[in-house]
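Below: one structure, written as structure tokens.
Bear in mind that the values here come from a model prediction, so they are computed numbers and not experimental data. All values below were derived from every heavy atom in this structure, side-chain atoms included, with hydrogens, water molecules and symmetry-related copies excluded.
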Amino acid sequence: MPTREPVPPGGRSRAPRRAHARIPARRTAGDVVAGLAALVVLVALVGGVPYALLTFVGPPLSPELLDLNLLTSHVGPSTIMAVLVLLVWLAWFQLFACVMVEVYAGVRRVGMPARVPFSGGTQALANKLVSAVLLLFTAGAVAVPLARLAAPPPAAPPMTAVAFSAPIVEQVADANRTKKVYVVQPPHGRHHESLWEIAEKCLGDGRRYPEIYRLNQYKEQPDGSRLRMADLIRPGWVLDMPDDARNAHIVPVTQARAQTLKEHPARPSQHKEVVDEVRGHAEQEQGVRQQGEQRREPRAETTAARERPAQSEGLDLVDYLAAASLAAAGLLAALSGRRRRQLWRRAFGRRLARPRDDAAMAEVALRLGADAPGARILDVGLRLLGAGLAEQGRTPPTVYAAHLSPRTLDLWVHPPEEDPPAPWTAQDGGQVWRLPAHEGRLLEEQPGGAPYPGLVSIGTDAGGRVLIDLEAAQGLINVRGPQTTAALAALAVELATNRWSDGMRITLVGFGEELTAIAPDRIRAVGGLAEVLPELEAAAVPRQEVMTGRVHGSPRDAHYLLSAVAPTHEEARRLALLARKDTAGYVVTGEVPQATWTLEITDDGKAKIAELGFEVTAQLLPRRHYKALVDLFHTADQLDGEVILAPEPLDELHPPAVEIRMLGRIEVVGLAPLEEGRMALANEMLVYLATHPGGVHPVVLGGVLWPRGVQDMVRDATIARVADWLGREHLRTDEAGRLRLGPRVRTDWALFRELVRRSHGDPTARAVLLEKALGLVRGPLLAGRSPGRYAWLAADDLEYDVAAGVADAAHRLCEIRLAQGEPDAAVAAIRAALLLATDDEGLWRDLLRATHATHDLTRLRAVIEALTRRAASHPYGGGLAPETEALIDELLPSWRIHVVRESTA
């Protein structure tokens, strides 16, 4: 991760302060005379100059300059005079612009005046003249000081500050400027206040909490600590707030935080009100979930409740997890496999359990960062390399490191060899074997063994991702530094989920027992090295034998040990001897003089291996982050599912002015398309707004569409462009500043849900309504979306509700048509739903029953063959669900014979 530049104490740079001049208590006679003189000069320059020019020399563009033959004809004195007149006019226009800018800044008190291009000296003159003139009108009429020149000076009233760029005026402005602050309240019982709750209380939307975080990041608090993570705030801290904050204190901008706390101490009673309100929202939401079929609360409330992360939600989950692109790809594949097994058991009327809080944000980060194409190139390329070497009868060379970039996959080999199997090529005298990415993407899946299962990322450099092979050290790898456990956890997660390893086994010593939930077949955790050393010594196998077996089809399970417990002297000696003769990887912490490589994790997040000459931005997985991953996988193991909440009814089904189609390829009907390159972002914005009818604040929308950050100017320009495209009547802003779509904008998903809802209360038209609903399904949800977009779906109900809703509607229609003796119509209903909910095993079982009811064995065998082929080649594995296999045995007992014949043919 890129590191932030250290901030000196106090959160500000240590530039020397400017000494401000003392402000006089009142205007002097000299000020009045200077002001009047400046006024005369300004009037003469602004009004007199153009009057004189028009009277004596004429307009800016004379007839000579408008002559079309000017550039080709002879230049005479009249032409030269016309050019000089034009230059004088331009100089006056420049002066006039400077005066207007300075007058606007002074009268409106906007701070530093805007800079007029190429007008340094001219604008400085205008600033002095305007400042002197405005000083006449800052505390009374001009005639007052003139009439009392001889009288003793009375006590002057406070001077009104006018915002000029001079140091004197800066002091006046600072003395009068204010800001809004909020004092973090003490805990109430076991509940502690969070930035989300503060944003909800003061800004009207908890999702605006990043604004408060950015305003206060690294600023020193009254207790001497600083805000470094969004979920770690303490009672008594004084937080700067946005200008539109409510329920906040107004204080001078220069007031110290300790003084603010003294004047506005934390009040537990105020905090109790907030806690009660938040608790009430939580209880309401829980009640709605338990009731299931009851109607929703008002949309504005449920939308906020549905999207509210817990107070543990931080801003760096995306930074850490999305940066680990290969690990993210492996984790998503493993997670999808768990979700597929959940679908085997999904009950009618329930959806899959959805992750929440940090777990949901972890999946968002994984979707943002996952480099599935890169992981595939690494996997397929290495297996192809192993197969090529085996065909030539060669033992794979030692690959001690790899570099994966958008353009190439490079392997650093030892000893150098200049004849790698094609399509690999040799570089740098055979020290590097290279596979171009464009060729790697065209490679077919390889059945061969994985020759280098120990390749794992240690971080990134400017060009891409750097990996090392844990086996290549042929000795111990020592990890040192302040974040050794985070580095070990990152290694463990990637090793446990990558594509390019077969038969992987990882032993974690002294940490990571929770990580076994991610890959229980690969990871085990023990308390100390003494528990595993005898087993490792007994299973050691020479390196050459293992490498030859991997590429010739008789691989031995790869085994890696990651220890957060420093070994004793005797344990280090035994491990070092074991590492020299065994093909495995041993990574340990502590001071280990026997280590072959030392991986140093520095305070600023760098990973260095001096022996290899590497220095990269380290790939780390702090405890909170891998806990979020563990929670995510625990959610994917929940088989009971969740109740699908009833939709809010639509008033009428007439065609809308604008329809957003999501049940298939994304389409916006009723509008002309935007220009090339802008449509994808506009579509995503409309989909998000349409599925969050309670309203979305622009700041929240910016965080959704640009999760890695965006400038306010870009965000606002994009929203304005979409508003112009959609029409102001269809995109509105409510009193709280939230963006909402108008009532004449509708999604096909909203229409689908309304048709299904109406089918419940009309038995005579139930089948027709369900058929109309399924007729809206054209393919996978939001098909054709750009890679990297819509990551927010991981933390939203939409994806889960759509898949379950479509499958349930098809199941209900299938049952109706089968009861009516119309199996072909039942088959059509299920096939329509399978366009979207392809992995729902319940639909496949419905398809088997409906096809069997047609009494066409040929069709039934075709469905079974398609289903078995799909299960065998499914990217997330798992084969057939037991219930599905049992149903096939019941419907066609001889199916296994036909499948075997097909596979051997």
Notebook entry, point to check: Are any of the side-chain nitrogens in Asp839 or Arg870 under 4.0 Å away from the carboxylate oxygens of its partner?
Noted result: yes

Note to self: Is a donor from one side chain sitting under 3.5 angstrom from an acceptor on the other, for Glu471 and Tyr560?
What the structure shows: yes

Next item on the list: Taking only Lys NZ, Arg NE, NH1 and NH2, and the carboxylate oxygens of Asp or Glu, determine whether Glu841 and Arg345 approach each other closer than 4.0 Å.
Entry: no

Note to self: Is it the case that atom CD in Glu513 sees more than 12 heavy atoms from other parts of the structure closer than 6.0 Å?
What the structure shows: no

Next item on the list: Give a yes or no on whether the backbone of Lys627 and the side-chain of Glu514 come within a donor-acceptor separation of less than 3.5 Å.
Entry: no

Next item on the list: Could you tell me whether a side-chain N or O of Arg580 sits under 3.5 Å from a main-chain N or O of Gly475, the two making a donor and an acceptor?
Entry: no

Check: Does any donor atom in the side chain of Gln427 or Thr425 lie under 3.5 Å from an acceptor atom in the other side chain?
Finding: yes

Checklist line | Asp461 side chain to Gly463 backbone, donor-acceptor under 3.5 Å | finding: yes

Next item on the list: Please say whether more than 12 non-hydrogen atoms of neighbouring residues, nucleotides or ligands are located less than 6.0 Å from CD in Glu445.
Entry: yes

Next item on the list: Inspect the contact between Glu417 and Arg394 and indicate whether a charged nitrogen and a carboxylate oxygen are less than 4.0 angstrom apart.
Entry: yes

Check: Is the backbone N or O of Gly481 less than 3.5 Å from a side-chain atom of Glu600, with the two atoms forming a donor-acceptor pair by type?
Finding: no

Margin query: With a 4.0 Å cut-off on N to O distance, would you call Glu684 and Arg789 a salt bridge?
Written below: yes

Next item on the list: Only one of Thr497, Leu455, Leu467, Leu331 passes side-chain contact (heavy atoms from CB on, under 4.5 Å) with Leu326; say which it is.
Entry: Leu467

Item checked: Taking every non-hydrogen atom, the tightest pair across Ala472 and Thr398 -> CB-CG2, 3.7 Å

Next item on the list: Calculate, to the nearest 0.5 Å, the distance between atoms CG and CE belonging to Asp631 and Met361 respectively.
Entry: 14.5 Å

Next item on the list: Only pairs at least two apart or in different chains count here, so list each ring pair (Phe, Tyr, Trp, His ring centres under 6.0 Å) that has a residue in residues 406-431.
Entry: Trp412-Phe614

Next item on the list: Verify the neighbour count for atom CZ of Arg407: are there more than 12 heavy atoms of other residues, nucleotides or ligands below 6.0 Å?
Entry: no

Next item on the list: Carefully, step by step, assess Arg480 and Glu591 under the rule salt bridge (charged side-chain N to carboxylate O under 4.0 Å, His left out).
Entry: CA-CA 8 Å; Arg480 299 179 183 176; Glu591 298 292 330; 3.3 Å; yes

Notebook entry, point to check: Below 4.0 angstrom, N of the basic side chain to O of the carboxylate: do Glu363 and Arg339 qualify?
Noted result: yes

Checklist line | Minimum heavy-atom distance between Ala636 and Leu335, given as atom pair plus value | finding: CB-CD1, 3.7 Å

Checklist line | Nearest heavy-atom neighbours spanning Pro355 and Tyr800 | finding: CD-OH, 3.2 Å

Check: Salt bridge or not for Glu494 and Arg522, using N-O below 4.0 Å?
Finding: no

Note to self: Rounded at 0.5 Å granularity, tell me how far CG in Leu411 sits from CG in Leu382.
What the structure shows: 6.0 Å

All N/O donor-acceptor pairs, side-chain side in residues 526-539, below 3.5 Å, sequence neighbours left out:
unit_1	atom_1	unit_2	atom_2	d
Glu531	OE2	Gly527	N	3.1
Glu531	OE2	Gly528	N	3.3
Glu535	OE1	Arg524	NH1	3.4
Glu535	OE1	Arg524	NH2	3.0
Glu535	OE2	Arg524	NH2	3.1
Glu537	OE1	Arg574	NH2	2.9
Glu537	OE2	Arg574	NE	3.0
Glu537	OE2	Arg574	NH2	3.4

Next item on the list: Enter the distance from His625:NE2 to Leu321:CG here, rounded to the nearest 0.5 Å.
Entry: 6.0 Å

